[in-house]
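The next block holds one structure in the form of structure tokens; read it before the comments.
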2 protein chains.
Amino acid sequence: MGNRAALMSTPTVFVVDDDVSVRESLELLIQSAGWRSETFDSAVPFLSRPHVAVPSCLILDVSLPDLDGLELQKRIADDRVDMPIIFITGYGDVPTTVRAMKAGALEFLTKPFVDDVLLSAIDHAIERSRAAAEFAATVRGLRERYASLTRREREVMALVVSGRLNKQVAAELAISEITVKAHRGKMMRKMRADSLADLVNMAATLSPQMRG
Amino acid sequence: MGNRAALMSTPTVFVVDDDVSVRESLELLIQSAGWRSETFDSAVPFLSRPHVAVPSCLILDVSLPDLDGLELQKRIADDRVDMPIIFITGYGDVPTTVRAMKAGALEFLTKPFVDDVLLSAIDHAIERSRAAAEFAATVRGLRERYASLTRREREVMALVVSGRLNKQVAAELAISEITVKAHRGKMMRKMRADSLADLVNMAATLSPQMRG
DNA sequence: GGGGCCATCATACCTTGGTGTCGGTCCGCG
DNA sequence: CGCGGACCGACACCAAGGTATGATGGCCCC
């Protein structure tokens, strides 16, 4: 138990702001609060940085020399779902704030802000990042298993989770019931589902990917 | 089919704003777009108005004489989940905007705004209201059925949706398997679930209420 | 041509789920 | 006190799920 904290990797707080004095003071604040920090003076270098495998968040200035903050937010929306964004800005207007929040920003702060407000926002962000990463990993695992199914197995799975009996599945696919059982068994093993309830929940989590 | 539109009740747009000229112009705008409208000069009278049974939304001024807009939003958050809020304000500041959006506001507009922007916001709001009302009705139905279960039936349901076999349920509850079957059958009928898959989905929808 | 994968089906066997009927105890309520 | 409901359980019976073994044929690729 003693070295568990040492083994856990430290969350990273990214900062993208074109003002060097802001970067420096934020870096100091972040590191003194016990997180790792990495700063960038514009969006493009940040985008080319490889992803990290630890909980993280992004403190992002709205106005930037290359891509502005909202653009950057759009770029990483699909890409890094486990990196919540905290916006900071010198002169914030309402429409920009609304756009940022609608696009899923966790927080939107105007400079100057109280340090504690930012620190607690980071706290929340890291916590959310952790949860999002965990969920993403689950979904990734499920998608891999689903991808390993054959077409028939997928068809059987879809009908089974919708509550059809083997007999009905057989009728809808115009095959015999025993064949359905074969597909079903193989599918359950591939999905590593150890009960129908399990499978239904998996399908619910997967439902966005199952349609596409 | 011909009189179906006539039978469908018209969505209602509520307006709470202390400026009479705003109320009047909004009323005109809303009604000319084909919706019903009801206006209030402050929060309290609005709160005492009975709920409507049609899709609806609320156009809400941030600053009001009695309860301010954010307070009112808090009050109706649990109460009227099917009434999305569109904020309007003369002098909007960023922190207020953030609070409103975090609390689930659909839109936050600063006066003066383009009519079309508001109209399309109302469109979205009504659509969301419709969906929310439908979902709420589903949940209400499920909760009623769940409430009609006896304690034992609920215990059996919880174990069944977690993937346990009747045999295992019997062991965990220290009763015989045949009794589990009896409870299970009665529970399925009461819940109007016609397959295990069905029940698992119901339980997923109900899960917030099942814990509490 | 052979090996691998997929899909199909069959036979046989066992487990699990589901229902109906019947009977019993306990408890609370009018 | 009697009634209803919850809870428990047994017997019987049938439907559905699950697995093992084995076999056939199509297809693709080396």
Side-chain angles (χ1 to χ4, degrees), chain A residues 141-206 209-212, chain B residues 141-206 209-212:
Chain A
L142 283 181
R143 254 192 310 161
E144 271 171 32
R145 297 180 224 167
Y146 185 70
S148 79
L149 300 183
T150 67
R151 181 176 327 180
R152 258 308 194 232
E153 286 160 358
R154 276 176 219 175
E155 291 166 349
V156 170
M157 172 168 167
L159 292 169
V160 163
V161 299
S162 80
R164 307 292 203 292
L165 303 178
N166 286 343
K167 182 193 302 189
Q168 297 171 316
V169 175
E172 294 194 37
L173 298 181
I175 57 179
S176 81
E177 193 181 335
I178 190 69
T179 306
V180 172
K181 286 186 182 182
H183 288 313
R184 181 173 181 160
K186 204 158 189 205
M187 176 268 289
M188 291 294 281
R189 272 191 301 278
K190 282 189 182 176
M191 292 300 292
R192 269 171 261 163
D194 42 38
S195 69
L196 176 56
D198 229 27
L199 189 76
V200 172
N201 286 320
M202 288 180 182
T205 311
L206 271 177
Q209 355 271 331
M210 282 177 71
R211 286 190 252 286
Chain B
L142 282 181
R143 254 192 310 160
E144 270 171 33
R145 296 179 225 167
Y146 185 70
S148 78
L149 300 183
T150 67
R151 181 176 328 181
R152 259 306 194 235
E153 285 160 0
R154 276 177 219 172
E155 290 167 349
V156 170
M157 172 169 167
L159 292 169
V160 164
V161 299
S162 80
R164 307 292 205 290
L165 303 178
N166 285 343
K167 182 193 302 193
Q168 298 169 314
V169 175
E172 295 195 37
L173 298 180
I175 56 180
S176 83
E177 192 181 336
I178 190 72
T179 306
V180 171
K181 287 186 182 180
H183 288 314
R184 182 172 181 160
K186 206 160 186 203
M187 176 269 289
M188 292 294 282
R189 273 192 301 279
K190 281 188 183 177
M191 293 300 292
R192 270 173 258 160
D194 42 39
S195 69
L196 177 55
D198 228 27
L199 190 74
V200 172
N201 285 320
M202 288 181 183
T205 313
L206 271 177
Q209 355 271 329
M210 283 178 70
R211 285 190 253 286

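Values below: every heavy atom of this structure, side chains too, minus hydrogens, waters and symmetry copies. Note on naming: letters A, B, ... go to the chains in the order of the sequence lines (proteins, then strands), and numbering restarts at 1 for each one.
Remark: D198(A) engages A193(A), D194(A), S195(A), M202(A) in a side-chain contact (heavy atoms from CB on, under 4.5 Å) (not counting sequence neighbours). Qualifying side-chain hydrogen bond (donor to acceptor under 3.5 Å, both in side chains) partners for S176(B), counting only residues two or more places apart in sequence or in other chains: T179(B). Applying the side-chain contact (heavy atoms from CB on, under 4.5 Å) test to R189(A) and every residue at least two apart in sequence or in another chain returns K186(A). Evaluation of the side-chain contact (heavy atoms from CB on, under 4.5 Å) rule for L173(B) yields R152(B), E155(B), V156(B), L159(B), V169(B), I175(B) as partners, not counting sequence neighbours. Annotation: side-chain hydrogen bond (donor to acceptor under 3.5 Å, both in side chains) contacts of N201(B) (sequence neighbours excluded): none. Evaluation of the salt bridge (Lys or Arg N to Asp or Glu O under 4.0 Å) rule for K190(A) yields E153(A) as partners, not counting sequence neighbours. Looking at residues two or more places apart in sequence or on another chain, you find a side-chain contact (heavy atoms from CB on, under 4.5 Å) between S162(A) and R164(A).
In terms of heavy atoms, A197(A) sits closest to V161(B) at CB-O, 3.2 Å.
Taking a 4.0 Å limit (strictly below) on heavy-atom distances, residues 191-203 of chain A does not reach DNA chain C anywhere.
Atom pair R189(B):CZ and dT19(C):C1' shows a separation of 8 Å (rounding to whole Å applied).
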Within the sub-3.5 Å range, which N or O atoms of nucleotides 11-17 of chain C have a protein N or O partner, and how far apart are they?
residue	atom	partner	partner atom	Å
dT16(C)	OP1	K167(B)	NZ	3.2
dT16(C)	OP2	K167(B)	NZ	2.8
dG17(C)	OP2	N166(B)	N	3.1
dG17(C)	OP2	N166(B)	ND2	3.4
dG17(C)	N7	K181(B)	NZ	3.2

Pairs under 3.5 angstrom, nitrogen or oxygen only, protein versus nucleotides 6-8 of chain C, please.
residue	atom	partner	partner atom	Å
dA7(C)	OP1	T150(A)	OG1	3.3
dA7(C)	OP1	R152(A)	N	3.4
dA7(C)	OP2	T150(A)	OG1	2.5
dT8(C)	OP1	R152(A)	NE	2.9
dT8(C)	OP1	R152(A)	NH2	2.5
dT8(C)	OP2	R152(A)	NE	2.9
dT8(C)	OP2	H183(A)	NE2	2.8

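Under the 4.5 Å side-chain criterion, counting only non-hydrogen atoms from C-beta, M157(A) is not in contact with M188(A).
In this structure, the helix from dG1(C)-dC30(D) to dG30(C)-dC1(D) shows an angle of 40° between the axis at its start and the axis at its end, each fitted on 5 base pairs and rounded to 10°.
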Check your understanding: What string of B, S and - do you get for nucleotides 25-30 of chain D 5' to 3' if you count protein non-hydrogen atoms under 4.0 Å?
Key -> ------

